[in-house]
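Each chain gets a letter, A, B and so on, in the order the sequences are listed, and its residues count up from 1. The figures that follow rest on heavy atoms only: side chains count, while hydrogens, waters and symmetry mates do not.
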Number of protein chains: 2
Amino acid sequence: MPHSSPESNNSHRTMQVVNHVRALIENGTLQPGDKIPPERDLARSLKISRASLRTGIGYLAAMGVMKIRHGVGTFVADGPPDLGKASLSLIGALHGFQSWQMFEARILLESNLAALAAERGKEEHHAAMAEEVAEMFAAIKSPIEYLIHDVMFHRIIAQASGNPILAAIMETVTSSMYDKRRKTVERATDLRESAEMHREIYRAIRTRNTGEARRLMDEHLRMAQTAQGMERPMERKAGAPTRSSKPAKSRAAKP
Amino acid sequence: MPHSSPESNNSHRTMQVVNHVRALIENGTLQPGDKIPPERDLARSLKISRASLRTGIGYLAAMGVMKIRHGVGTFVADGPPDLGKASLSLIGALHGFQSWQMFEARILLESNLAALAAERGKEEHHAAMAEEVAEMFAAIKSPIEYLIHDVMFHRIIAQASGNPILAAIMETVTSSMYDKRRKTVERATDLRESAEMHREIYRAIRTRNTGEARRLMDEHLRMAQTAQGMERPMERKAGAPTRSSKPAKSRAAKP
DNA sequence: CGATTTTAGAGGTCAGACCACTTCAAGTAT
DNA sequence: ATACTTGAAGTGGTCTGACCTCTAAAATCG
């Protein structure tokens, strides 16, 4: 399974490291959670300076492919894939992303993910979801703990969708909203009602009612959005937009 | 407007650089396309070594926030935002993303984007789209050039959707498929038919027929998917999945 | 046996020299 | 004059090697 991928930018040595790791990952030598050799050793074996090696590793870490632990070692990332949690936040600042847009993206992604989960979810997923729902009801008194299971529930749905790419995207988007979500949950919204909704969503997915799953998830998230006061603002008639996003001058496709 | 964002990993100095840049971006001092000071100067002004500064800059570059040009300088990224074009490719290799999953994600995103574009698109977008459609018809004989306008057309729709986040995600996904798309287009599919479909999509969006826009985009992309033979494979009854994606737990690394 | 200290190993930072690429202006040939 | 060549300045890329900090596990002490 080839892939080429231009990887336009970056310097020679950096790419050398990235490609080396990529190769190891693709041929199965490196699996999620594995530890890679110490920088000094790896650098020597690749015939490059430790500094350059570090640049490459840093590049991979920035994209969430590697996890560096000071004093311990460098590992291949495991757990739910994401497109680099920090990126959305930075890119967002750069292009002036709005909260309601974040929510819109999340609603769109998750409602469709729920539909896919209803269509393809397996027993193991149903079981895991049921458990999280139960935990939510059990944690109605503890907002912090409730949120953990809430996140888990949505994550399981993403996995159940059978499309890890969409799951990764969702993970990236939701993790960017984690801070605000936490604050909201802490000032005690009606967790009981929230738990009920999750249960309904679970049921729709279990009974493979795709349409209902999508609808319920959509409703659930819109409610959460309202609770955080992040609805899309009124349409402005004219005048300067909050942040112009002009058609972007030429930008010819790559050669 | 604060933002916190945990940014779990990464070392002190790296974050120092990242946050410094982030601050400059957020307070408007740094805008897309701007050039930042030379490494030597910036390093001195931040009171850190050039090596550390470079680590931070590299981190930002990996996420697509900065663009480094050897011998020229380092700039804030401009053009359509993306979540780090390389990341999806790497993460994909790591988690065994399939081509059909990529396409499914793209179809889901773009069909909804088309619907949003139909709902919110402005005259400027309509005009730009019309132009690209015209260019496509004009380039029916030149696959390479056709593709450029094809990409542009979809990109404009993404902009017209009014949600830069979804647009950025789409950009990330589609750019990962660029290679294969190019190969396909080059072995001359019926470009005329393709152009016709784009025109229909354009019309649906212009007339603000959201449902039709979504349907047509969906149809258009499924057709493209079939042309590249990337449909979702038959459902397997039982046995081991191509790549298990179990709930993911511990992290253990064995020395 | 349990708490504390030591130590080995891994990543983080630093300093300064030198290499490679881009630009662009001065110089030279036609 | 015009066009090609050359060279210097500026900027990112890489290298070396020493030293710092953090973690985890082994050694030691109470």
Item to complete: Could you tell me the separation between the CD atom of Glu39(B) and the P atom of dA20(C), rounded to a whole number of Å?
Response: 17 Å
Item to complete: Could you check if a side-chain atom of Glu131(B) sits within less than 4.5 angstrom of a side-chain atom of His149(B), using non-hydrogen atoms only?
Response: no
Worksheet item: Between Thr55(A) and Gly71(A), which is nearer to the 5' end of DNA chain D once each is assigned its nearest nucleotide?
Response: Thr55(A)
Worksheet item: Hey, does the side chain of Ser11(A) come within less than 4.0 Å of dG12(D)'s phosphate (OP1/OP2), counting only N and O?
Response: no
Item to complete: Would you mind telling me which of Leu90(A), Leu88(A), Val173(A) makes a side chain to side chain contact (heavy atoms under 4.5 Å, CB included) with Leu83(B)?
Response: Leu88(A)
Discussion item. For Lys122(B), is there any backbone N or O sitting under 3.5 Å from a side-chain donor or acceptor partner on His125(B)?
Written reply: yes
Discussion item. Please report the distance, rounded to the nearest Å, between CZ in Arg44(B) and P in dT11(D).
Written reply: 11 Å
Fill in: Donor/acceptor link under 3.5 angstrom from Arg40(A) side chain onto base of dG9(C)
no
Response to the item:
Side-chain contact check for Arg54(B): nearest option of dC14(C), dG12(D), dT22(C) is dG12(D)
Response to the item:
Ile57(A) CD1 to dG12(C) P, in whole Å, measures 10 Å
Worksheet item: Whole-Å distance between dG12(D) C1' and Arg13(A) CZ?
Response: 15 Å
Discussion item. Among dG11(C), dC15(D), dT13(C), which nucleotide has an atom closest to any side-chain atom of Pro38(A)?
Written reply: dG11(C)
Worksheet item: Nearest-Å distance, CZ (Arg50(B)) to C1' (dG12(D))?
Response: 6 Å
Worksheet item: For Thr74(A), which contact category applies under a 4.0 Å heavy-atom criterion: base, sugar-phosphate, or nothing?
Response: sugar-phosphate
Item to complete: Could you work out which one of dA24(D), dG12(D), dT14(D) sits closest to the side chain of Thr14(A)?
Response: dT14(D)
Item to complete: Specify the separation, in whole Å, of atom CG of Leu53(B) and atom P of dG16(C).
Response: 16 Å
Discussion item. In this structure, how many angstroms lie between the C1' atom of dC19(C) and the CD1 atom of Ile48(A), rounded?
Written reply: 16 Å
Practice prompt. Between Asp41(A) and Arg69(B), just flag the one whose closest nucleotide in DNA chain C comes earlier from the 5' side.
Written response: Asp41(A)
Worksheet entry | Under 3.5 Å: donor-acceptor pair, side chain of Ser161(A), backbone of Asn163(A) | yes
Discussion item. Nearest to the Ser49(A) side chain among dA24(D), dT14(D), dT23(C), which nucleotide is it?
Written reply: dT14(D)
Worksheet item: Nearest 0.5 Å, what's the CE-OG distance between Met63(A) and Ser89(B)?
Response: 8.0 Å
Fill in: Side-chain donor/acceptor contact of His70(A) with base of dT23(D) under 3.5 Å
no
Worksheet item: Can you tell me if the side-chain N/O atoms of Ser52(A) get under 4.0 Å from OP1 or OP2 in dC15(D)?
Response: yes
Worksheet entry | Atom pair distance, as rounded to whole Å: CD1 in Ile68(A) and C1' in dT23(D) | 15 Å
